[in-house]
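Here is the naming used below: chain letters follow the sequence lines, and residue numbers restart at 1 for every chain.
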Amino acid sequence: MPELPEVEVTRRALAPHVEGRRVTGVVVRDARMRWPVPRELPQWLVGQRIDHLDRRGKYLLWQVEAGTLISHLGMSGSWRVHLAPPPAPGRHDHVEIHLDRCWLRLTDPRRFGALLWHPRADGDIAQHPLLAHLGVEPFDPRFDAALVYAATRGRTAPIKQVLLAGDIVVGVGNIYASESLFRAGINPKLPARRLGPMRCARLVEAVREVLAEAISVGGSTLRDFVGAEGAEGYFMREAAVYGREGAPCRACRTPIRRLLQGQRATYYCPRCQR
DNA sequence: AAGGTAACCTGACTGC
DNA sequence: TGCAGTCAGGTTACCT
């Protein structure tokens with residue numbers, strides 16, 4: 001489900017409800033996620049004040065006094081805020097966090113998501129094994145043409161898959177990889193090493209624009225994504241290529257093509273993207 | 001080191 | 001209506 005924009009939309013929706021608040025209760029109804037949710041989570045979290053809700057790539061980082069709660073939404077996860085006691089939990093409502101005056105619910109049908117704990121004593125959260133090898137943030141000024149150019153030298157894999165790998169820049173998932181490459185006019189099959197400085201610059205620009213636009217409209221709604229307050233995102237309404245196989249390119253009317261790269265669907269315009 | 005593939009899991013949809 | 005097959009936003013682990 002969630003790529004960086006959906007996670008950022010979630011973060012912004014949750015932050016005002018959680019920052020500065022104290023955890024009064026934690027219920028783990030089903031610990032079976034990508035990795036087991038620690039059984040000790042309630043004892044570690046209850047009584048803690050949430051200082052900041054941060055994001056790194058597609059991870060949400062809940063900074064509390066004793067450490068960091070790491071949450072990843074996987075393919076189908078979502079957090080919902082309830083300002084009144086929530087209705088009876090459904091089959092996929094795995095975790096609940098109670099604050100002073102609101103209830104947070106983690107729902108994740110496919111259970112590819114994760115909820116982990118990193119005690120402060122274990123050191124800098126950035127060095128956590130899940131975070132240590134992530135690429136730069138797309139809105140970080142360090143994400144520029146020179147970085148992309150340098151990082152793609154010697155990489156024979158198609159640019160789409162390199163973008164998706166997340167070791168150069170984080171947060172670009174399957175939808176936005178196709179969308180960014182369309183906007184940059186780059187063929188997804190192009191070996192990454194064949195990008196020149198100009199195309200690296202265009203790609204940087206395109207990734208930033210596409211992600212920023214998606215955030216501003218509340219993320220994508222594919223199947224069941226809804227933001228933390230229950231609103232749907234609108235990005236898919238304006239997708240240029242994703243999910244549009246056979247439909248006319250919005251720029252040149254050429255039919256959009258779909259192909260598989262590393263078992264994932266890629267959509268592109270064969271005329272606009274070379 | 002980089003690249004390819006299988007694996008984790010459920011639900012929605014398609015076609016017979 | 002039912003059943004089998006396909007596909008889905010992500011990421012790690014493992015093999016070459």
Minimum-distance nucleotide (side-chain atoms of [X] versus [options]):
X: A/M75; options: C/dG10, C/dC7, B/dT10; result: C/dG10
X: A/H92; options: B/dT10, C/dG9, C/dT11; result: B/dT10
X: A/P109; options: C/dT12, C/dG10, B/dG11; result: B/dG11
X: A/N174; options: B/dT5, B/dG11, C/dG10; result: C/dG10

- pi-stack flag for A/F112 and B/dC8, centroid dist under 5.5 Å, interplanar under 30°: yes
Considering just the side-chain nitrogens and oxygens of [X], establish if one lies under 4.0 Å of OP1 or OP2 belonging to [N].
X: A/R34; N: C/dT11; value: no
X: A/H133; N: C/dT12; value: no
X: A/S76; N: C/dG10; value: no
X: A/Q161; N: B/dG3; value: no
X: A/Y242; N: C/dG9; value: yes
X: A/R111; N: B/dA7; value: no
X: A/H72; N: C/dT11; value: yes
X: A/R91; N: B/dT10; value: no

Does [X] come within less than 4.0 Å of [Y], counting only side-chain N to carboxylate O?
X: A/R142; Y: A/E137; value: no
X: A/R11; Y: A/E8; value: yes
X: A/R202; Y: A/E209; value: no
X: A/E179; Y: A/R183; value: no

- Item | Polar side-chain contact A/R264-C/dA8 base: donor and acceptor under 3.5 Å | no
- Base-pairing mate for B/dC9 - Watson-Crick or G-U, with both contacts under 3.5 Å: none
- Task: Give the rounded distance in Å between these two atoms: NZ of A/K160 and P of C/dG9.
- Result: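 Between P of C/dG9 and NZ of A/K160: 8 Å.
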- Message: I need the CG-P distance between A/D93 and B/dT10, as an integer number of Å.
- Response: 15 Å
- Message: Students often mix this up, so state it plainly: with edges at 30° and 60°, are the rings of A/H128 and A/H118 parallel, tilted or perpendicular?
- Response: perpendicular
